[in-house]
Amino acid sequence: MEAPEIKTPLPGPKARAIIERDAHVVSPSYTRDYPLVIARGHGALVEDVDGNVFLDCAAGIAVNSTGVSHPDVVKAIADQAAKFIHMSGTDFYYEPQVRLAEELSAIVPIDGDVRSFFGNSGTEATEAALKLARYSTKRPNVIAFLGSFHGRSLGALALTSSKVVQRRGFGPLMPGVYHAPYPDPYRFNGSADACAEASLSFIRDQIFVNLTAPDEVAAIVVEPIQGEGGYITPPKAFLQGLRELTRQHGILLVLDEVQSGMGRTGRMFASEHFELRGDVVNIAKGIASGLPLGVTCARRDVMSWPPGAHASTFGGNPVACAAALTTIRLLKEQYVRNAEVVGEHLMNGLRALADKHALIGDVRGIGLMIGVELVRDRRTKERAPDERNAVIQSMFRRGVLILGAGRNAIRFAPPLVLTIEQADAALRIFDAAMAEVAHTVTANR
Ligand SMILES: Cc1ncc(COP(=O)(O)O)c(C=O)c1O
């Protein structure tokens, strides 16, 4: 496969037929930004059912950490499936689940002994963390951040505050959740420290004064880098300040590393860049290279609930555990480092393009978790959501799969196997798409 190589109008005839069938029988709540119908993939390349080959900068929403169907992961899955596919790790024992918990204890950013609870998704990891925090602290309330995404089940949705469409029509949500602003250094008028302090003081001087006493707060749940909300990297002082504040009040700090973890930022966990340790850490997405797995890791003394308090039939499925163990090995051996090296190359390339395209307001991120925010005016920072959407469409037509984040940012979240040459191809196509959109905007004025 050579990428990208677009041979048919998009969608091609086979893709079009499948999309028409989908419209009749599949939930319309799914957001499909463009009509990709995958047939197969390899590394960072994706071939659709009409034989078009795309360069993948989305990784199935930051999931395909080792690329599409890495042969080692496929083998681990097949080997485990041939032995047994399921036995329910909540009622019986099997070694892959124990080994994965041992592996995670060694790498997760939590001090001391660690225990793991296994579910099937990031959302389930959020639910487990919420229940665990309430159970362990005997406190009812939770603090989360505006723009955050933690899942869409009714408990997790009470924390999620990324887009109104995700909440509209589903209320009332779980009570006792308070939101503070997430620090956005690009949009804050002042220094990084002042930006961090503005968010921290909102918790200290408003939430704790006007809304809930700190001794009624079980947990503060935070993404070390905000994902769906716009790929926003906060100042280190913010995360450090949260750690201090939670310690001071006996509140659990829950780090949602669902999107930022498993090598994406060029470290195993984004928290490492901020010298941050949590009491609870949630992992999903990239952990099993695409098999469903969500894990809530916690300090051993925090995760001390009794048998029956929480469990899931499928959680910690042995095939998913086998995929995760191989994924972790591959990440350690090469792909975390690759994310660092190729991420820096991509970031430099995008920064260079910012000099050329006035629509680029900000380029930010770490490793292969990079956000590019588009604005109509660099001085006023007026958001450019239509232009952002047009760039995504143009990139698709040119053969690059990419997604938006927040109202007007583009996220580069490729598989961690992306090569320098593929990063260069993505940069060339992004450059061309930006020029096309800028030209259309000027022509329509
Ligand atoms: C930070 C974060 N937490 C939780 C979730 C929910 O994960 P899932 O879609 O696997 O339920 C997501 C999904 O995008 C996420 O980005």
Side-chain angles (χ1 to χ4, degrees), residues 26-27 29-32 38 40-41 46 56 58-70 72-92 94-101 103-104 108 116-132 149-157 160 166 223 227-228 256-264 269 281-297 310-331 403 413 415-416:
V26 175
S27 169
S29 62
Y30 299 158
T31 40
R32 273 74 170 261
I38 181 173
R40 61 182 65 79
V46 169
D56 186 9
I61 328 186
V63 170
N64 295 330
S65 47
T66 58
V68 182
S69 299
H70 190 290
D72 290 10
V73 177
V74 172
K75 181 168 183 326
I77 290 171
D79 288 352
Q80 179 55 46
K83 290 181 199 154
F84 62 99
I85 293 174
H86 173 80
M87 199 57 203
S88 194
T90 68
D91 281 34
F92 306 100
Y94 41 82
E95 205 259 346
Q97 182 168 271
V98 181
R99 193 143 45 96
L100 181 54
E103 278 283 338
L104 290 173
V108 85
S116 291
F117 172 90
F118 293 97
N120 306 284
S121 66
T123 302
E124 285 181 54
T126 303
E127 292 295 333
L130 283 176
K131 288 179 71 177
L132 183 64
F149 191 92
H150 302 288
R152 288 182 167 98
S153 59
L154 281 174
L157 185 57
T160 290
Q166 294 156 352
E223 295 164 88
E228 304 294 309
D256 184 336
E257 288 261 18
V258 166
Q259 187 148 179
S260 58
M262 303 319 293
R264 175 141 301 281
F269 293 96
V281 174
N282 284 346
I283 315 169
K285 285 196 184 281
I287 186 171
S289 293
L291 282 207
L293 183 64
V295 193
T296 298
C297 301
H310 197 48
S312 145
T313 300
F314 289 119
N317 171 275
V319 183
C321 287
L325 286 163
T326 301
T327 300
I328 292 171
R329 175 179 64 75
L330 291 167
L331 292 179
L403 294 168
L416 311 184

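These figures come from a predicted structure and were not determined experimentally. The analysis underlying the following values was restricted to heavy atoms, covering all of them including side chains, and did not include hydrogens, waters or symmetry mates.
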Can you measure from [atom1] ([X]) to [atom2] ([Y]) and round to the nearest 0.5 angstrom?
X      : Y      : atom1 : atom2 : value
Lys83  : Glu95  : NZ    : CD    : 9.0 Å
Leu331 : Thr326 : CG    : OG1   : 10.5 Å
Tyr94  : His86  : OH    : NE2   : 7.0 Å
Lys285 : Met262 : NZ    : CE    : 14.0 Å
His70  : Leu416 : NE2   : CG    : 11.0 Å

Ignoring hydrogens and angles, tell me if any N or O in the side chain of [X] forms a donor-acceptor pair with the backbone of [Y] under 3.5 Å.
X      : Y      : answer
Ser88  : Thr313 : yes
Glu103 : Leu325 : no
Thr126 : Ala156 : no
Glu127 : Gly155 : yes
Thr160 : Gly151 : yes

Smallest separation among heavy atoms of [X] and [Y], with atom names:
X      : Y      : result
Ala288 : Ala320 : CB-O, 3.7 Å
Phe149 : Glu223 : N-OE2, 3.2 Å
Pro318 : Pro96  : O-CB, 4.4 Å
Ile283 : Ala125 : O-CB, 4.4 Å
Val258 : Gly122 : CG2-CA, 3.9 Å
Ile287 : Leu104 : CD1-CD2, 4.2 Å

Side-chain H-bond candidate by donor/acceptor type, Thr66 with Thr327, under 3.5 Å: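 No, Thr327 and Thr66 have no side-chain donor paired with an acceptor closer than 3.5 Å.
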
Flag for Thr123-Ser153: side-chain donor and acceptor within less than 3.5 Å: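 No, Thr123 and Ser153 have no side-chain donor paired with an acceptor closer than 3.5 Å.
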
Would you please test Lys75 and Asp79 for salt bridge (Lys or Arg N to Asp or Glu O under 4.0 Å) and show each step? CA-CA 6 Å; Lys75 181 168 183 326; Asp79 288 352; 2.7 Å; yes

